[in-house]
Amino acid sequence: TQTFICCDLHGLEEGPADTAVLTRDQGLSYYRCMQTIRRMELKADQLYKQKIIRGFCHLYDGQEACAAGIEAGIERTDHVITAYRAHAFTYTRGVSVREILAELTGRQGGVAKGKGGSMHMYAPHFYGGNGIVGAQVPLGAGIALACQYQGNGQICVALYGDGAANQGQLFETYNMAALWKLPCVFVCENNRYGMGTSVERAAASTDYYKRGDFIPGLRVDGMDVLCVREATKFAADHCRSGKGPILMELQTYRYHGHSMSDPGVSYRTREEVQEVRSKNDPISLLKERMLSNNMASAEELKEIDGEIRKEVDDAAQFATSDPEPPLDDLCKYIYHNSPPVQVRGTNPWAKLQSVSSS
Amino acid sequence: MSFLRGSFIDALVVLQMMVRDALNQAMDEELERDERVFLLGEEVAQYDGAYKVSRGLWKKYGDQRIIDTPISEMGFTGIAVGAAFAGLRPICEFMTFNFSMQAIDQVINSAAKTCYMSAGFQAVPIVFRGPNGSSAGVAAQHSQCFAAWYAHCPGLKVVSPWNSEDAKGLLKAAIRDDNPVVFMENELMYGVPFEMSEEALSKDFVLPIGKAKIERPGNHVTLVSHSRCVGHCLDAAAVLAKEGIECEVINLRSIRPMDTDAIEASVMKTNHLVTVEGGWPQFGVGAEICAKIMEGPAFNYLDAPVTRVTGVDIPMPYAKILEDNSVPQIKDIIFSIKKTLNV
């Protein structure tokens with residue numbers, strides 16, 4: 001099916017093409033991806049309320065089209081880095097739901113063996129998961145620098161939120177990325193709230209796609225997976241062709257609060273959340289598009305839902321039954337490729353030894 | 001590279017090299033050896049380095065490998081760490097470590113902790129280097145010693161060379177290390193020449209990180225120091241030798257990991273310990289050494305409590321007389337040794 005792509009442009013003569021094609025296979029793939037993310041995040045919510053997940057847990061439900069669309073618009077060999085609302089990207093970059101949930105529950109079967117938790121999950125060409133707001137953006141530009149240096153034609157997608165958009169280090173990064181023409185796509189996932197602060201209260205200019213100033217920018221509907229994909233392709237091509245960095249703002253929404261400790265209704269109304277859910281849900285949008293274009297049947301999609309439910313339930317089962325890491329892991333992987341060093345424990349007689357990774 | 005002919009010993013020519021040239025040689029050799037190594041920082045390329053440590057490197061290696069950055073420490077340090085994530089081996093220069101405070105989050109949270117948080121999946125082979133500690137007349141904001149701050153953090157290695165051999169061997173080791181290494185130089189040492197052995201001049205001369213060196217053996221008291229103060233300790237030892245007091249001077253070389261074994265072995269021989277550093281006393285390198293000695297076997301060999309000689313616990317003043325009296329002088333070291341020995 002063909003669909004109309006709508007974009008606001010900054011510093012660009014042309015944006016992505018007006019229309020994009022969605023094939024049946026693609027549609028099913030994006031549907032499966034987004035639904036898996038949705039169910040995974042809701043499962044995490046459940047496990048958190050059961051106190052099986054602890055600490056920080058920042059959920060992505062509502063924003064699925066961003067992660068799915070970006071992955072559809074880049075190559076596997078490209079690079080992605082994001083902030084702490086990272087479970088979805090961990091999945092799209094190739095980590096199983098099982099390993100993600102087991103990391104959230106702090107088990108040895110977690111993708112980071114229980115050493116990282118929600119905000120520190122890594123995979124090939126995926127650099128987390130970063131807890132310090134904004135820090136991931138210069139890191140992303142550095143990854144892009146490595147791509148440029150190595151001449152491998154790869155790009156880096158560096159994501160941040162509307163909150164991080166006001167961090168000074170972003171502007172330092174924009175400057176260097178533009179100066180050196182780094183192949184970096186800066187993506188602002190604008191979900192309208194930085195924790196409890198709405199964009200109007202945080203930013204003198206909420207046109208985040210223009211904040212790169214001399215860096216060209218585009219703004220798209222982040223609830224439409226096709227728009228995200230097309231904008232991402234356009235942005236990636238821009239970088240790959242040596243034109244330098246580009247900034248992409250995705251207008252999106254999170255159903256949950258900032259984290260599990262935030263009910264998310266003190267700074268926005270339940271009506272607003274409900275409105276987005278009923279009129280703009282990314283998964284519903286794709287589903288309706290596919291059904292109304294006879295690209296899939298309702299039964300087919302329901303079957304996929306069933307498969308996903310099972311996958312997520314199995315993953316949760318694993319995540320709750322897998323053992324916690326052994327105490328021996330305390331001093332593992334402080335260093336890489338390094339001789340062991342003595343590590344002081346809680347008291348002078350607790351002499352531990354580090355084991356490095358290799 | 002500038003060198004002065006030293007004395008002839010048999011047929012051997014002893015070369016003297018300044019610390020800055022030793023650092024330059026280290027970087028030059030490592031840039032040549034591994035194309036993933038690159039240098040970035042303010043003025044490192046076309047200016048030849050604010051302190052000329054990177055002189056000639058841009059001319060030799062070009063824009064891609066020697067990168068001048070805008071004045072954006074937090075930004076360029078993050079970029080350097082990101083490059084290390086993705087397969088390169090950056091040397092990130094801070095014009096002085098005072099400016100690293102702008103970027104310290106990237107050093108600690110993005111570099112130091114990542115290998116651990118990722119359970120060994122993501123290594124961070126990066127060197128953060130630059131002058132540390134007091135200089136001459138640069139006043140409070142430009143004179144702080146960051147050894148204790150960085151050495152506090154697991155995941156980092158922290159190295160503090162004294163002479164040219166230290167500088168070259170440790171910098172090469174730091175660049176070859178697959179972990180984040182904080183490499184603290186000293187501006188006042190850049191122009192000081194030292195003998196360089198044949199071995200030290202070779203392209204594969206690497207010193208182990210985590211091992212101290214006994215610069216001068218002695219039986220009566222152990223002096224432990226790092227960076228410029230090592231020289232002061234040797235000067236104090238020379239004076240005291242005339243009075244029959246033999247000091248064993250240990251050059252730490254590494255602050256983290258620290259060669260506690262070397263210190264303990266020495267204290268078990270001399271029974272007296274004096275630490276000497278340029279940084280502030282509270283929570284400092286000397287304080288850590290005291291704690292380590294108390295917790296280990298050497299405690300029972302002490303005939304007196306450990307003495308710390310440190311910078312004065314004040315922001316660095318400007319006037320020369322005040323500045324001179326803000327850092328340990330040789331007379332302070334001698335005084336402290338004699339007090340410790342009760343002579």
Side-chain angles (χ1 to χ4, degrees), chain A residues 79 81 110-117 119-123 125 127-132 135-150 156 158 168-173 175-177 179-180 182 329 332-339 341-344 348-349 356-358, chain B residues 35-36 38 40 63-65 67 69-88 90 102-103 105-106 108-110 112-125 154-157 177-180 208-210 256-257 260-261 291-292 294-296:
Chain A
H79 307 259
I81 188 170
V111 65
K113 303 189 170 80
K115 297 298 267 299
M119 299 183 291
H120 307 296
M121 298 193 270
Y122 300 79
H125 294 219
Y127 305 85
N130 287 275
I132 307 296
Q136 75 278 12
V137 176
L139 293 174
I143 294 160
L145 184 132
C147 294
Q148 186 188 64
Y149 188 108
Q150 292 163 334
C156 182
Q169 55 188 319
L170 264 69
F171 298 90
E172 294 188 9
T173 303
N175 181 41
M176 286 181 275
L179 210 49
W180 301 333
L182 299 181
D329 274 13
K332 271 192 174 156
Y333 316 128
I334 301 167
Y335 294 129
H336 187 76
N337 269 346
S338 230
V341 285
Q342 202 170 75
V343 176
R344 195 196 189 279
W349 296 271
S356 79
S357 45
S358 48
Chain B
E35 58 187 19
R36 299 170 297 173
F38 72 100
L40 91 169
D63 284 331
Q64 192 194 45
R65 303 191 66 199
I67 304 176
T69 64
I71 307 172
S72 309
E73 274 78 6
M74 198 169 186
F76 74 66
T77 305
I79 284 176
V81 176
F85 283 176
L88 300 185
Q102 308 274 61
D105 174 66
Q106 295 288 2
I108 305 302
N109 282 319
S110 302
K113 298 177 184 173
T114 294
C115 186
Y116 189 85
M117 291 192 296
S118 69
F121 181 81
Q122 180 64 67
V124 193
L156 289 180
K157 296 189 184 182
D177 201 305
D178 286 340
N179 297 284
I209 292 177
R256 183 178 189 117
T260 314
D261 289 346
K292 281 182 152 75
M294 281 213 288
E295 290 182 352

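Quick caveat, the model's predicted, so the values are computed rather than measured. Note on naming: letters A, B, ... go to the chains in the order of the sequence lines (proteins, then strands), and numbering restarts at 1 for each one.
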Problem - Contacting moiety of N130(A), where chain B heavy atoms sit under 4.5 Å - result: neither

Problem - Residue part contacting chain A, namely of T69(B), when any heavy atom lies under 4.5 Å - result: both

Exercise for the section: Indicate the atoms forming the closest heavy-atom contact of A135(A) with S110(B), along with that distance. Expected result: CB-OG, 4.3 Å

Problem - Part of L170(A) within contact of chain B (heavy atom distance under 4.5 Å) - result: neither

Fill in the blank from the handout: Between D329(A) and Y116(B), the two heavy atoms sitting closest are O-OH, 4.3 Å

Problem - Side-chain donor-acceptor pair present, R36(B), Y149(A), cut-off under 3.5 Å - result: no

Fill in the blank from the handout: Rounded to the nearest 0.5 Å, the OH atom of Y333(A) sits from the CE atom of M117(B) at a distance of 15.5 Å

Fill in the blank from the handout: Among K332(A), M176(A), K113(A), the residue with the most heavy-atom pairs under 4.5 Å to chain B is M176(A)

Exercise for the section: Mind listing the closest non-hydrogen atom pair of F85(B) and L139(A) along with its distance? Expected result: CE1-CD1, 3.9 Å

Exercise for the section: Compare all side-chain heavy atoms of K113(B) with those of H120(A) and state whether any distance is below 4.5 angstrom. Expected result: no

Practice task
Evaluate side-chain contact (heavy atoms from CB on, under 4.5 Å) for L145(A) paired with L40(B), printing each intermediate quantity in order.
Solution key: CA-CA 12 Å; L145(A) 184 132; L40(B) 91 169; 5.8 Å; no

Exercise for the section: Answer yes or no: is there a side-chain heavy-atom contact under 4.5 Å between Y122(A) and T114(B)? Expected result: yes

Practice task
Would you please test F121(B) and V111(A) for side-chain contact (heavy atoms from CB on, under 4.5 Å) and show each step?
Solution key: CA-CA 10 Å; F121(B) 181 81; V111(A) 65; over 6 Å; no

Exercise for the section: With a 4.5 angstrom heavy-atom cut-off, could you sort out which part of Q136(A) is near chain B: side chain, backbone, both or neither? Expected result: neither

Handout entry: Residue selection (most heavy-atom pairs with chain A, distance under 4.5 Å) from S118(B), P208(B), A123(B)
Key = S118(B)

Practice task
Measure across G155(B) and I334(A) and return the closest heavy-atom pair with its distance rounded to 0.1 Å.
Solution key: N-CG2, 3.6 Å

Handout entry: I143(A) versus G82(B), closest heavy-atom pair with distance
Key = CG1-O, 3.4 Å

Practice task
Heavy atoms only, distances under 4.5 angstrom: which of I71(B), D105(B), D63(B) has the most pairs with chain A? Name it, please.
Solution key: D105(B)

Completion exercise
Max heavy-atom pairs within cutoff under 4.5 Å with chain A, candidates E35(B), K292(B), M74(B), M294(B), goes to M74(B)

Handout entry: N179(B) to Y335(A) - nearest heavy-atom pair and separation
Key = OD1-CA, 3.2 Å

Practice task
Side chain from CB out, backbone as N, CA, C, O: work out which of these in N109(B) comes under 4.5 Å of a heavy atom of chain A, or both, or neither.
Solution key: side chain

Completion exercise
Per-residue tally against chain B (heavy atom, under 4.5 Å) across Q150(A), Q342(A), H79(A) peaks at Q150(A)

Practice task
State the CD-CZ distance between E295(B) and R344(A), to the nearest 0.5 angstrom.
Solution key: 4.0 Å

Exercise for the section: Apply the test side-chain contact (heavy atoms from CB on, under 4.5 Å) to residues H336(A) and V124(B): give CA-CA distance (whole Å), side-chain angles for both, the deciding distance (0.1 Å), then the verdict. Expected result: CA-CA 8 Å; H336(A) 187 76; V124(B) 193; over 6 Å; no

Completion exercise
Greatest number of non-hydrogen atom pairs under 4.5 angstrom with chain A, of I67(B), T77(B), D177(B), falls to I67(B)

Exercise for the section: Output the option from A123(A), P138(A), G116(A) having the highest count of non-hydrogen pairs under 4.5 Å with chain B. Expected result: P138(A)

Exercise for the section: Let me see the working for E172(A) and F76(B) under side-chain contact (heavy atoms from CB on, under 4.5 Å), right down to the final yes or no. Expected result: CA-CA 8 Å; E172(A) 294 188 9; F76(B) 74 66; over 6 Å; no

Handout entry: Side chain, backbone, both or neither of W349(A) within contact of chain B (heavy atoms, under 4.5 Å)
Key = neither

Completion exercise
Looking only at A119(B), G75(B), A86(B), A80(B), the option with the highest number of non-hydrogen pairs under 4.5 Å against chain A is A119(B)

Practice task
Using a cut-off of under 4.5 Å on heavy-atom pairs, state which of Q122(B), Q64(B), Q102(B) scores highest against chain A.
Solution key: Q64(B)

